[in-house]
Amino acid sequence: MSRLNPRQQEAVSYIGGPLLVLAGAGSGKTSVITRKIAYLIQQCGIRAQYIYAVTFTNKAAREMKARVGSLLRGAESKGLTVSTFHNLGLNIIRKEHAKLGYKPGFSIFDEGDIKALVSDIMQKEYAGDDGTDEVLRQIGSWKNDLILPDAALAKARNPKEQTAAVVYLHYQRTLKAYNAVDFDDLILQPVKLFQEHPEVLEKWQNRVRYLLVDEYQDTNASQYLLVKLLVQGRAQFTVVGDDDQSIYAWRGARPENLMQLKEDFPSLKVVMLEQNYRSTSRILKCANILIANNPHVFEKELWSDMGHGDAIRVIRCRNEDAECERIALEILTEHLKTDRPYSDFAILYRGNYQAKLMELKLQHHQIPYRLSGGTSFFARQEVKDLMSYFRLLVNPDDDNAFLRVINVPRREIGSATLEKLGNYASERDLSLYAACDEIGLSAQLDSRFTERLVRFKRYMDQLRQHCAQNEPIAALRSMVMDIDYEHWVRQNSSSDKAADFRMGNVWFLIDALKNTLEKDEDGAMTIEQAIAKLVLRDMLERQQEEQEGADGVQMMTLHASKGLEFPSVYIMGMEEDILPHRSSIEADTIEEERRLAYVGITRARRNLAFTFAARRKQYGEVLDCLPSRFLAELSADDLQWEGQEDAPVAVKAARGNEALAGIRSLLKK
DNA sequence: TAACGCTCGTTTTTT
DNA sequence: ACGAGCGTTA
């Protein structure tokens, strides 16, 4: 407590009722949450098993766990729950699966599975999968808003929505038949469960006697409802958030949940954390001025006593090439001159595509870098294949996994056989897997084909037994050998090098599984649970983090930078149509773009520089660029312009040309 | 079943 | 401009 400032102390010790902590960037919100957990246990005598802390990312949960652990004796924190929303939901479903109609070992469908499934339904129902993406988005937003298929159907006002609602209905039924849930269900199903079974809700409310929620501005409608249900009655909770750092509205986040809280809990107490322990006051002034352009319900202004600091630089570059070159050279010279490690520097950008050229320039100057984001490990072919084997192993009803795996490697089971199998299975309400060795099927199918199906099923059944009895990891390793997956990978890779890489991923995946099983504190984790965790990305990050210490310039999107800090920050591409992004200008969601810039600025501890290009190649042609309007909004006395021409004039032009730019981008369309 | 050519898009992505 | 993904074709 002694090391906290008065506001933070207040936030920690207030337990009289619902509490909202508006925590500005770098104001020590993680300290507040972790200290509060310790306070609840040590000062208030609440046992750890009754305390639940919820975050959005595995990383945040892990960090929080570690920090709480260092504040408490081991025994005191035993039973404490610190998890992501999705993990909490998963645990609720796992414990209550019977009431929700799921069997143990249910699968979690990822983005790819969902897309395949919806596309499949569209094909069947509408003889074409045109508009899958739109339907997918619609279903997602319905789920985020807790609208179930029936309600969606009733609510649909136009043909498009009606189509989506019908697909949604089929989609949800199919998931159930596959004994599977999607990411949204991990929140939605617990909410449904609690609404329909008050006695179950009561049980959980008794378990969750104090709830803490991090990054509250990022909650969506169903997450908020889950929170509300859990705290109902007792109203003992603390949520921490910052409306100015809400950058996920496009994903369903509802920053207005911050406001809603005041209506739903009139006794809500609000504490603002405005002292920043990260940045120089110049950087904070800059951030404050920028964000003041957004409307606010809670006025807050960050300040710090870290000194005034250096001027913030705005660097105008000839083109995108010069921009990247400039950043690379500057980091190189700074590193050589001052011996600061490369990891002190971060390069932030709006879109991943901006990273390409930057990467090349860093490589050219032999500057080590670390790139975060990009193609997901789980999007890789070999990872999906293996994951499907795992899933089918623990959940034989998972038709998606079955179909993915049945001919990988080739088992000479063609589309005609699969179609017959599919028809037979759906007539009898069986899964594809279960239908394989049905007597009735052999009447409809030549024995050559049924034999192949049966052989596959026998193998998987035997493997499942092997898994349950002995070392599951050993079983999975031998599976990779049995099916000669390596041969398949080599056949389907462009080069030996690529094949080696892909096999590396295969073994990495199995290793990750092994580590999770071993590292589980209680030692009670089943292979099913480990696989579920794998889909939720947990542990994988843990593994990657172990290799993380390496020195290197950090490159990432502005979105990915939230929650991080760096001594020196470069924000590149400060141009109209990039930041703010063109589509945001068109959709009139400038405010979120401004928050994105705000997040970027507040990542910097000491040095901050913006770069922009006067012209850049885009969509195949060289276009003139306007400096971002956000540069014009900042205070001129704190900015130091570099680069040819009278740059500030150009900014004025950008301001005056706002309307023109809007028309221009419309014309382009 | 592979290969070729065409079309289309080209923001962010915690789980 | 360029590549990914898809559909057609041999």
Side-chain angles (χ1 to χ4, degrees), chain A residues 54-63 83-90 108-115 119 128-130 132-133 136-137 140 143-144 181-188 213-220 222-223 245-253 320 348-357 372-376 378-379 407 410 412 414-415 491-492 494 532-541 556-564 573 577-587 589 592-593 595-597 599-600 616-623 665 668-669:
Chain A
V54 183
T55 65
F56 274 85
T57 64
N58 292 309
K59 197 174 159 202
R62 227 174 304 128
E63 255 170 44
S83 80
T84 61
F85 263 104
H86 290 84
N87 229 319
L88 175 65
L90 174 64
I108 301 169
F109 274 22
D110 68 17
E111 227 65 47
D113 295 304
I114 286 162
K115 204 169 170 176
S119 160
D129 64 351
D130 282 0
T132 298
D133 287 335
L136 225 42
R137 242 204 346 267
K143 285 197 154 193
N144 276 334
V181 296
D182 61 20
F183 285 137
D184 296 327
D185 279 334
L186 292 175
I187 314 295
L188 194 80
V213 183
D214 191 19
E215 303 280 15
Y216 187 72
Q217 76 284 348
D218 289 339
T219 52
N220 63 30
S222 54
Q223 283 157 345
Q245 290 187 70
S246 159
I247 53 175
Y248 285 106
W250 53 276
R251 266 199 135 210
E320 74 273 26
L348 310 181
Y349 35 82
R350 177 67 234 258
N352 275 314
Y353 68 96
Q354 291 171 272
K356 266 190 203 155
L357 188 56
S372 54
T375 6
S376 156
F378 285 91
N407 266 321
R410 286 269 106 86
E412 297 176 291
S415 52
Q491 258 183 345
N492 289 286
S494 49
K533 281 198 105 152
L534 202 66
V535 183
L536 290 183
R537 314 270 156 110
D538 201 357
M539 83 173 46
L540 182 81
E541 292 159 17
M556 68 192 79
T557 61
L558 287 159
H559 282 90
S561 75
K562 196 172 76 158
L564 305 175
D577 287 1
I578 295 182
L579 184 68
H581 193 271
R582 194 163 118 198
S583 47
S584 294
I585 298 172
E586 279 160 22
T589 53
E592 181 145 315
E593 297 288 303
R595 290 192 289 267
L596 204 47
V599 166
R616 82 167 62 227
K617 219 189 284 177
Q618 245 174 344
Y619 314 119
E621 52 181 342
V622 179
L623 295 172
S665 60
K668 263 184 221 151
K669 243 180 123 187

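Everything quoted here is computed from the prediction, not taken from an experiment. Chain naming here is simple, since letters A, B, ... match the order of the sequence lines and numbering starts at 1 in each.
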Item checked: From B/dT14, B/dT12, B/dT15, nucleotide with atom closest to A/Phe183 side chain -> B/dT15

Checklist line | Whole-Å distance separating the CD atom of A/Glu586 from the C1' atom of B/dT10 | finding: 13 Å

Item checked: Identified side-chain hydrogen bond (donor to acceptor under 3.5 Å, both in side chains) counterpart of A/Lys143 within the set A/Asp185, A/Asp184, A/Asn220 -> A/Asp185

Check: Phosphate oxygens OP1/OP2 of B/dT11: is one of them under 4.0 Å from a side-chain N or O of A/His581?
Finding: yes

Item checked: Under 4.0 angstrom between A/Asn352 side-chain N/O and B/dT12 OP1 or OP2 -> yes

Note to self: Can you check the distance between C/dA4 and B/dT11, where both ends of the measurement are the P atom (answer in whole Å)?
What the structure shows: 16 Å

Check: What is the distance, rounded to the nearest whole Å, between atom NZ of A/Lys617 and atom C1' of B/dT10?
Finding: 15 Å

Check: With a 3.5 Å cut-off and just heavy-atom distances, do the side chain of A/Arg582 and the base of B/dT10 make a donor-acceptor pair?
Finding: no

Checklist line | Spacing between A/Tyr349 atom OH and B/dT10 atom C1', to the nearest angstrom | finding: 16 Å

Checklist line | Residues A/Lys562, A/Asp218: salt bridge by 4.0 Å N-O rule | finding: yes

Item checked: Nucleotide of B/dT11, B/dT12, B/dT14 approaching A/Tyr248 most closely (side-chain heavy atoms) -> B/dT14

Margin query: Just the rounded figure in Å: distance from C1' of B/dT14 to CG of A/Asn144.
Written below: 13 Å

Note to self: So, OP1 or OP2 of B/dT13: does either fall under 4.0 Å of a side-chain N or O from A/Thr557?
What the structure shows: yes

Next item on the list: Establish, with yes or no, whether the OP1 or OP2 oxygen of B/dT14 is under 4.0 angstrom from a side-chain nitrogen or oxygen of A/Asn220.
Entry: no

Notebook entry, point to check: Do A/Tyr353 and the base of B/dT11 stack face to face, with centres under 5.5 Å apart and an angle between planes under 30°?
Noted result: no

Next item on the list: Scan A/Glu215 against the nucleic acid and name what it touches under 4.0 Å (heavy atoms): base, sugar-phosphate only, or nothing.
Entry: nothing

Next item on the list: For A/Arg350 and for A/Val535, locate the closest nucleotide of DNA chain B by heavy-atom distance; then report the residue assigned to the nucleotide nearer the 5' terminus.
Entry: A/Arg350

Check: Using the ring of each side chain (for Trp, its six-membered ring), is A/Phe183 parallel, tilted or perpendicular to A/His86, with breaks at 30° and 60°?
Finding: perpendicular

Note to self: With a 4.0 Å cutoff (strictly under), does any side-chain N or O of A/Asn58 reach OP1 or OP2 of B/dT14?
What the structure shows: no

Item checked: Side-chain H-bond candidate by donor/acceptor type, A/Ser583 with A/His581, under 3.5 Å -> yes

Margin query: Taking the nucleotide of DNA chain B with the nearest heavy atom to each, does A/Thr84 or A/Glu593 sit closer to the 5' end?
Written below: A/Glu593

Next item on the list: Please state how far atom CZ in A/Arg137 lies from atom P in B/dT12, giving the value in whole angstrom units.
Entry: 15 Å

Note to self: Under a 3.5 Å cut-off for both contacts, is B/dT11 paired Watson-Crick or G-U wobble with anything, and if yes, with which nucleotide?
What the structure shows: none

Notebook entry, point to check: What is the distance, rounded to the nearest whole Å, between atom CZ of A/Phe109 and atom P of B/dT15?
Noted result: 20 Å

Check: B/dT14 C1' sits how many Å from A/Leu88 CG, rounded?
Finding: 16 Å

Next item on the list: Write down the distance separating the P atoms in C/dG5 and B/dT12, rounded off to the nearest Å.
Entry: 15 Å

Note to self: Measure CG/A/Asp218 against P/B/dT14 and give the value in whole Å, please.
What the structure shows: 12 Å

Next item on the list: Would you please classify the geometry between the A/Tyr248 ring and the A/His559 ring as parallel, tilted or perpendicular, with 30° and 60° separating the classes?
Entry: tilted

Check: Is A/Glu111 paired with A/Lys115 through a side-chain N to carboxylate O contact shorter than 4.0 Å?
Finding: no

